[in-house]
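One structure is given here, and the rest of the page talks about it.
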Amino acid sequence: MADKIRVQIVGATGYAGGDLLRSLLAHPNVEIVSLTAKDVNAPTPVCNIWPALRGVCDMEIDPANDEIPENVDIAYMATPNAVAMKLAPAYLENDIKVVDFAGDFRFRDASIWEEWYGLKHTAPELLSEAVYGLPELYRDEIAEARLVGNPGCYPTPAILGLYPLVREGLINHRNIIVSSASGVTGAGKNPSAGLHFPEVDENFKAYKIGAHQHNPEMEEALNRKLVTDVRLTFVPHLLPIRKGILSTIYCDRNSDLELSEIQKIYEETYKGEPFVRVLPLGSTPVLHAVQNTNFVDIALHEDKRTHRLVVLATVDNTGKGASTQAVQNLNVLFGLPEARGLLPGV
């Protein structure tokens, strides 16, 4: 590896790709050597797409192509579903690590991916080696990986919010309800009628109820780690804001353990994790506290009347839900301090 980690971003014009670019420009161990995107027809100055980077980054974004760059250590696929599976094999053959922002490499079983995504998986032979890129659960595996499936935005807070409860057997793990609301950037940059400003502004709606592809991803990540059989109902909602996710997770209790003791379990579980903040009992996490960061804020509550636990978890959907989590994964992949480029002074 060179003195600096040489990076390519495929899909640098998307919301997650743009956030990744901004994060990597501030990383002291990274050199960005290639930016590509399918929606530019000629080399385009970065500032034409991301005006905030005028005078900060003088690179150009090139039209996407199938050529494998020779001077790259890691390639980020900030691309739609079914793109990385076509590109990744050639990159891996050329000893270039791959981090995919889409869902192509988040499952071990291609048939599950095909059922929920409605497409044919063209690289099923890579699924057995791909690592789920949630460092808090899969850090050791990521460190040895060459192919990482970066987690989805909705699954990140839900998995981290549920993990201690499922691990300790404190809830009925086959009757979990996850209700999540996300900012509009979670839908990506491709326009659609339902995402026009008049449709979203001052509005709030649920969508893809019982049919969202992140539902099995949440189950898969927990089941793979804990060798259990989590089943959950997931209901996503669209918020009339740019960024942020708030997940409210409802769990039937299996234990009479006091909430203060469960709080201690969470604090011990995430002790030393630089980006998971377990808030004091009685707290309510807010989106403003996590927007434009890599933090996950988690708070515990209970409904004694119904004997339910309620877990609240917040993230930035294009941050810890995509781009900054991908930087965290880069740090793990290359043996750097995990918060390098993400927290001051690291």
Side-chain angles (χ1 to χ4, degrees), residues 9 11-23 37 39 50 76-84 99-104 106 116-117 133-134 149-161 178-218 221 232 234-249 275 285-297 312-328:
I9 302 175
T13 58
Y15 292 131
D19 276 4
L20 176 63
L21 173 58
R22 283 185 283 270
S23 295
D39 55 353
W50 305 114
Y76 286 103
M77 304 295 168
T79 51
N81 295 312
V83 174
V99 176
D100 177 31
F101 278 33
D104 295 13
R106 295 174 185 162
W116 286 84
Y117 285 81
L134 190 61
N150 213 53
C153 54
Y154 281 127
T156 294
I159 293 166
L160 293 174
V178 178
S179 178
S180 301
S182 173
V184 182
T185 51
K189 217 173 185 183
N190 290 331
S192 68
L195 298 177
H196 287 317
F197 181 78
E199 302 297 327
V200 175
D201 186 43
E202 298 188 51
N203 200 5
F204 183 57
K205 66 178 181 180
Y207 65 99
K208 295 185 77 169
I209 300 165
H212 198 286
Q213 65 274 14
H214 285 171
N215 192 321
E217 180 182 335
M218 298 174 193
L232 57 85
F234 173 51
V235 182
H237 302 75
L238 184 66
L239 283 170
I241 62 173
R242 289 182 60 249
K243 302 180 75 177
I245 288 176
L246 169 62
S247 291
T248 305
I249 307 166
F275 297 111
V286 296
L287 296 184
H288 283 173
V290 296
Q291 287 165 334
N292 301 307
T293 79
N294 196 50
F295 288 116
V296 180
D297 284 355
L312 302 175
T314 54
V315 297
D316 183 324
N317 57 288
T318 63
K320 179 64 170 170
S323 61
T324 54
Q325 180 139 267
V327 177
Q328 187 179 356

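Keep in mind that this is a model prediction, so the values were computed, not measured.
No side-chain heavy atom of W116 sits less than 4.5 Å from a side-chain heavy atom of E217.
Between the side chain of N81 and the backbone N or O of G103 there is at least one donor-acceptor pair closer than 3.5 Å. A donor-acceptor pair is defined here as one N or O able to donate and one able to accept, closer than 3.5 Å; such a pair exists between the side chain of T185 and the backbone of R242. Here the side chain of D104 pairs a donor or acceptor atom with the backbone of A82 at under 3.5 angstrom.
Other residues, nucleotides and ligands contribute over 12 non-hydrogen atoms within 6.0 Å of the CZ atom of F204.
The CZ atom of F101 sits 9.0 Å away from atom CG of D19, with the distance rounded to the nearest 0.5 Å. To the nearest 0.5 angstrom, K320 atom NZ is 12.5 Å from I245 atom CD1. Between atom CD1 of residue I9 and atom CG of residue L21 there is a gap of 5.0 Å, rounded to the nearest 0.5 Å. Rounding to the nearest 0.5 Å gives a distance of 5.5 Å between OH of Y76 and CG of L20. A distance of 10.5 Å separates CG of N203 from CG of L239, quoted to the nearest 0.5 Å. Rounded to the nearest 0.5 angstrom, D316 CG and L287 CG are separated by 9.0 Å.
The two atoms that bring A193 and E199 nearest to each other are O-CG, 3.2 Å, heavy atoms only. Shortest non-hydrogen contact noted between A12 and A37 is N-CB, 4.2 Å. Nearest heavy-atom pair across N150 and A322 is ND2-O, 2.8 Å. Considering all non-hydrogen atoms of both residues, T314 and V286 come closest at OG1-O, 4.1 Å. Minimum heavy-atom separation, I249 to P157: CD1-O, 4.3 Å. In terms of heavy-atom proximity, N317 sits nearest to C153 at O-CB, 3.5 Å.
K243 and T318 are linked by a side-chain donor-acceptor pair at a separation below 3.5 angstrom, with hydrogens and angles left out of the test.
Only one option out of S247, S180, S179 pairs with F234 in a side-chain contact (heavy atoms from CB on, under 4.5 Å); it is S180.
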Per-pair distances, 0.1 Å, donor-acceptor, side chain in residues 208-216, under 3.5 Å, sequence neighbours excluded:
{"residue": "K208", "atom": "NZ", "partner": "Q213", "partner atom": "OE1", "Å": "2.8"}
{"residue": "H212", "atom": "ND1", "partner": "H214", "partner atom": "N", "Å": "3.0"}

